[in-house]
Amino acid sequence: LGHVLDGAPTCAEALVLAGMNWAVNLRPMCTTIADGGVSLAVPGHNAVIRMDTGAVLGVVGEDFRPLQNVAAFGFFEPLVSSGLVTLETAGVLRAGRRVWIMARVAGDPEEIAGDQIDPYVLFAHGHDGSLAVHCGFNATRVVCSNTLGLALRSRDGMRALRHTSGLAVDLDDLRAVLESHIRCFRDSAEAWRTLSEHTCTDADFKAYALTVAAV
């Protein structure tokens, strides 16, 4: 199970509360010839080491760049500081091979046509190289492995970023897009409520469709 980040903590507090205050590092891969005990390098491969436990989380290629947990929380820092989101849940799966952070768009839930809309932003990736960085809006409130799997399977609106040297720049660009979309969501909610209060008959829709097609 993940950790509920009560009281809208700072990113630094949430890092500790979620049990994610540890780092990973890369080490060259080697193999040993059994009959002679000779250690040989494995070209193009590195082991991802969890530094606090010494556990090997996975084997990755030479282009893989780790994303530290502190940097993942740092992605949310400007959004939390500006009051656009509050940190909701976070967790570590499979001894650190996968991690996630979920934030909730700040403010009261929007209600449209009787439906309560709670917009969330999910950030998840794999330290073992098995999962790219996935980030974006998601309707599933992630609290455990099962709900994370559900969120990743229905990831409409989420963007996937590879663990490469350009990841930091890509994350900055993605955060700017998310900030814009969050503001747009709040601004457009009233328009959706207005639309939900009006009915559309088959004749009305036909007339509308023909008008649009004619344009």
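At a threshold of 4.5 Å between non-hydrogen side-chain atoms, the residues Val60 and Leu26 count as touching. Under the 4.5 Å side-chain criterion, counting only non-hydrogen atoms from C-beta, Leu17 is not in contact with Glu13. When side chains are defined from C-beta on, Phe73 counts as touching Leu87, because their heavy atoms get closer than 4.5 Å. Within the 4.5 Å cutoff, the side chain of Tyr120 has no heavy atoms near those of the Phe137 side chain. Between Thr147 and Cys144, some side-chain heavy-atom pair lies under the 4.5 Å cut-off.
Residues that satisfy the salt bridge (charged side-chain N to carboxylate O under 4.0 Å, His left out) test with Arg159, not counting sequence neighbours, are absent from this structure. Every side chain to side chain contact (heavy atoms under 4.5 Å, CB included) that Ser81 has, sequence neighbours left out, goes to Glu77. With sequence neighbours left out, Arg98 forms a salt bridge (charged side-chain N to carboxylate O under 4.0 Å, His left out) with no residue at all. Partners of Asp172 by salt bridge (charged side-chain N to carboxylate O under 4.0 Å, His left out), not counting sequence neighbours, listed by chain and number: Arg175.
Hydrophobic cluster membership is shared by Leu174 and Val85, with clusters built from Ile, Leu, Val, Met, Phe, Trp and Tyr side chains linked at under 4.5 angstrom. In this structure, Val80 is a member of the same hydrophobic cluster as Leu171, with clusters built from ILVMFWY side-chain heavy atoms closer than 4.5 Å. Val24 and Met20 fall within the same hydrophobic cluster, defined by Ile, Leu, Val, Met, Phe, Trp and Tyr side-chain heavy atoms under 4.5 Å apart, directly or through other members. When the side chains of ILVMFWY residues are joined at heavy-atom separations under 4.5 Å, either directly or via intervening members, Leu131 and Phe64 end up in two distinct hydrophobic clusters. A single hydrophobic cluster is seen to contain both Phe75 and Val99, as judged by linkage of ILVMFWY side chains at heavy-atom distances under 4.5 Å, directly or through other members.
Counting heavy atoms of neighbouring residues, nucleotides and ligands inside a 6.0 Å radius, atom CZ of Arg162 does not exceed 12 of them.
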Exercise. Where do His125 and His163 land on the side chain to side chain donor-acceptor pair (under 3.5 Å) test, with the steps shown first?
Worked result: CA-CA 9 Å; His125 76 107; His163 290 83; 3.0 Å; yes
Mind listing the side-chain donor-acceptor pairs of residues 47-57 below 3.5 Å, one per line with the distance, residues two or more places apart or on another chain?
unit_1 : atom_1 : unit_2 : atom_2 : d
Arg50  : NE     : Asp52  : OD1    : 2.7
Arg50  : NE     : Asp52  : OD2    : 3.4
Arg50  : NH1    : Ala95  : O      : 3.0
Arg50  : NH2    : Asp52  : OD2    : 3.1
Thr53  : OG1    : Ala55  : N      : 3.2

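Among residues at least two apart or in separate chains, there is no ring-ring contact (aromatic ring centres under 6.0 Å, His included) pair with a member in residues 143-162.
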